[in-house]
Amino acid sequence: MGRSGAREEEAGAGDSHASTAASLLAELDRLSADREAGEGQVAVALRMDEGLVPAARSVLQVYQGVEGARLYSSGYLDLKGNAWGAIVQARSGCIDVVTVAALEEDSASTVRAVRMFATDDAED
């Protein structure tokens with residue numbers, strides 16, 4: 001990611017089964033719990049064996065099941081409809097930015113989520 005205090009892991013990269021939106025959120029939660037003090041964000045990327053629209057729908061459904069989650073914005077990020085994104089307040093003090101990009105003529109997609117944490121010290 002190019003910034004200090006950031007860590008990214010790929011979930012489901014070598015798995016024989018398809019990754020799911022639920023596994024994305026579970027991995028974000030795990031990384032959040034394991035993060036070191038001062039880390040401003042954690043990130044997860046995975047491949048889903050479904051197109052952009054079903055993957056985006058799955059992501060929103062998973063967040064809908066999180067108590068206290070609030071969707072701030074979601075929608076297509078490009079004119080062709082090959083990229084979608086959402087901004088979600090998932091937990092107190094953190095914001096998740098999720099993107100879904102179509103792959104292989106929309107037969108699969110890449111889902112990436114970055115969880116950003118509020119910090120006490122301001123960065124310049």
Open item on the list: Checking Val97 against Met116 for the side-chain contact (heavy atoms from CB on, under 4.5 Å) test, could you report, in this order, the C-alpha distance in whole Å, the side-chain angles of both residues, the deciding distance, and whether it holds?
Closed with: CA-CA 8 Å; Val97 177; Met116 297 175 280; 3.2 Å; yes
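- The CD1 atom of Ile95 sits 9.0 Å away from the CZ atom of Arg70 when rounded to the nearest 0.5 Å.
- In this structure a side-chain-to-backbone donor-acceptor pair under 3.5 Å is missing from Asn82 to Ala102.
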TODO: Check step by step if side-chain contact (heavy atoms from CB on, under 4.5 Å) holds for Phe117 and Val42.
DONE: CA-CA 9 Å; Phe117 302 92; Val42 294; 4.1 Å; yes
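- Counting heavy atoms from C-beta outward, Val44 and Leu31 have side chains that approach closer than 4.5 Å.
- Among residues two or more places apart in sequence or in another chain, the side-chain contact (heavy atoms from CB on, under 4.5 Å) test is passed with Glu104 by Arg47, Ser107, Ala108.
- Residues satisfying the side-chain hydrogen bond (donor to acceptor under 3.5 Å, both in side chains) criterion with Asp29, sequence neighbours excluded, are Arg91, Arg115.
- For the atom pair CG of Leu71 and CD of Gln89, the computed distance is 11.5 Å after rounding to the nearest 0.5 Å.
- The CG atom of Leu28 lies 9.0 Å from the SG atom of Cys94; values are rounded to the nearest 0.5 Å.
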Less than 3.5 Å apart, which donor and acceptor atoms pair up between the side chains of residues 52-68 and the rest of the protein, not counting sequence neighbours?
| from | atom 1 | to | atom 2 | distance (Å) |
| --- | --- | --- | --- | --- |
| Ser58 | OG | Glu50 | OE2 | 3.3 |
| Ser58 | OG | Pro54 | O | 3.0 |
| Tyr63 | OH | Asp96 | OD2 | 2.5 |

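- In the hydrophobic clustering of this structure, Leu77 does not group with Leu24; members are Ile, Leu, Val, Met, Phe, Trp, Tyr whose side-chain heavy atoms approach within less than 4.5 Å, directly or through other members.
- Counting all heavy atoms, side chain and backbone alike, Trp84 lies closest to Tyr76 at CD1-N, 4.0 Å.
- With values rounded to the nearest 0.5 angstrom, Ser23 atom OG is found 5.0 Å from Leu46 atom CG.
- How far OG1 of Thr20 is from CG of Leu25: 9.5 Å, rounded to the nearest 0.5 Å.
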